[in-house]
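Protein chains get the first letters and strands the later ones, always in sequence-line order, with residue 1 at the start of each.
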Protein chains: 2
Amino acid sequence: MSKAINLQQKTALLRQFFRLEGRAPSYTEMLTLFGYRSKNAVHGLLARLQQAGYIRKNRGKLALTTRITGMVKLLGAVQAGFPSPAEEELVDTINLEEFLVRRPEATYMLTVSGDSMVDAGIHPGDIILVEKGVTPQPHDIVVAQVDDEWTIKYFEQDNQGVRLVPANAKYKAIHPKRSLTIGGIVRAVIRKY
Amino acid sequence: MSKAINLQQKTALLRQFFRLEGRAPSYTEMLTLFGYRSKNAVHGLLARLQQAGYIRKNRGKLALTTRITGMVKLLGAVQAGFPSPAEEELVDTINLEEFLVRRPEATYMLTVSGDSMVDAGIHPGDIILVEKGVTPQPHDIVVAQVDDEWTIKYFEQDNQGVRLVPANAKYKAIHPKRSLTIGGIVRAVIRKY
DNA sequence: ATTATAACTGAACGAACGTTCAGTTTCAAT
DNA sequence: ATTGAAACTGAACGTTCGTTCAGTTATAAT
């Protein structure tokens, strides 16, 4: 029907520029980046990129979406094998923050101390992302202050009220006596090697 | 000695703008953002922000660092209690991608299937970040293709050569017979609730 | 071979950009 | 009260910005 261009090739270049400079390129910079000789070519390409959801615009200003600024490449199944550098252009990327954080303004990162949740795969030294200001539901993992002590536990409820259950046979469930403050609920666990 | 301004208050405004617009504001936009009446005031502020490491500049163009674009607030110890909205300005933020990914161009995300590493806290359904093209060291966790099958194991070496050790008593260590391909080494484990 | 359409060139445009300068205000130390 | 330095105002500047237009080239279907 007409000329067809490879958007993924262009997004790879945008990604590369962003990683290097930490910002979106200007039209003039995109001339050399994409190998165009007319700014109108850039203009047209950006329109296509916007339609495809790679970029956004407001007030004539360009904003890259997380599909460009995301660092981590998605891999469906390992069975298919790891991509070679040649076919890396075909892989989509994801932004870890957008993936893990729902409400940035209410999310905190802290390090786990204690082994009360080891059977749930939360080990001492692990990092957890905690979201504040959410009402915990049963089976949620919460960071809670019970009787002046902070712990990580499963949030459960029974006829005695709130019950905080550890994931470690060494410890027993707690029924808060004097006070209970929920710091937040655990949204993600991260372990870095 | 002179007028002292609160940089953290300004960075909070920058952070807010970036979350909303997905890009850095222009000088004119910063006039209203910071409440200045002269662009020179913006110019001076940016100089201070650059010196403090919050922003970078190249070719007259502004680039926000991950100290601004990072979403997650750092929390030292839970014992100190969770910050209230009023004191949130005092908290520093971190960028999860920068924190977890060393070489973006070589890092892939995939989902764990199988329970060969449960005793190392890696459960089925967990997400791992795998870095390609790194020579594995003993005790590293690797994604490897042994005799046509992909698995996650500890990478070890003994007098018989490479030994792939699971973290599950149900399985035994493997000495690759026909072939061994290292897909990459596991840099991080993520579990999302 | 012709046609239709998308992608591109090249030039022009006003608007917005970031920087600079001289002068003023603000604040803390003396 | 005076001084010194940092923070700011207001205006001006050349540069670069993103957009637009008319025209050309490339590609795929007919």
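For B:K57 and C:dT19, the shortest distance from a side-chain N or O to OP1 or OP2 is below 4.0 Å. Taking only side-chain nitrogens and oxygens, A:Y27 never comes nearer than 4.0 Å to OP1 or OP2 of D:dC17. Dashed line: the shortest gap from a side-chain N or O of A:K61 to OP1 or OP2 of C:dC17 is under 4.0 Å. Regarding contacts with the backbone of D:dC8, every side-chain N or O of B:R37 stays at 4.0 angstrom or more from both OP1 and OP2. Note on A:S26: a side-chain N or O is less than 4.0 Å away from OP1 or OP2 of D:dC17. An OP1 or OP2 oxygen of C:dA6 is reached within less than 4.0 angstrom by no side-chain nitrogen or oxygen of A:R48.
Residue B:N40 has its side chain nearest to D:dC8 when only D:dC17, C:dT19, D:dC8 are considered. When distances run from any side-chain atom of A:H43 to the nucleotides C:dC8, D:dT20, D:dC17, the shortest one goes to D:dT20.
Among the atoms of the strands shown, only primed sugar atoms or phosphate atoms (P, OP1, OP2) are found under 4.0 Å from some heavy atom of A:G60.
Comparing B:L31 and A:T28 along DNA chain D, the residue whose closest nucleotide (by nearest heavy atom) sits nearer the 5' end is B:L31. Both B:A41 and B:R59 lie close to DNA chain D; mapped to their nearest nucleotides by heavy-atom distance, the more 5′-ward contact belongs to B:A41.
With respect to the salt-bridge test (charged N to carboxylate O, under 4.0 angstrom), the residues A:R59 and B:E29 qualify. For B:D115 and B:K170, the salt-bridge test passes: some basic side-chain N is under 4.0 Å from an acidic carboxylate O. Salt bridge status for B:E131 with B:R187: present, with a side-chain N to carboxylate O gap under 4.0 Å.
Between the C1' atom of C:dG18 and the CG atom of B:L46 lies a distance of 10 Å, rounded to the nearest Å. A:L62 places its CG atom 16 Å from the C1' atom of C:dA16, with the value rounded to the nearest Å. Following rounding to the nearest Å, B:L7 (CG) and D:dA7 (C1') show an atom-to-atom distance of 12 Å. The distance from atom OH of B:Y36 to atom P of C:dT25 is 18 Å, rounded to the nearest whole Å. One interatomic measurement links the two molecules: NZ of B:K39 to C1' of C:dC17, which rounds to 6 Å at whole-angstrom precision. The distance from atom CZ of A:F34 to atom P of D:dG18 is 12 Å, rounded to the nearest whole Å.
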- Step-by-step side chain to side chain contact (heavy atoms under 4.5 Å, CB included) determination, B:F17 to B:L20: CA-CA 5 Å; B:F17 187 98; B:L20 216 63; 5.8 Å; no

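Judged purely by atom type and a 3.5 angstrom limit, B:S116 uses its side chain to pair as donor or acceptor with the backbone of B:I152.
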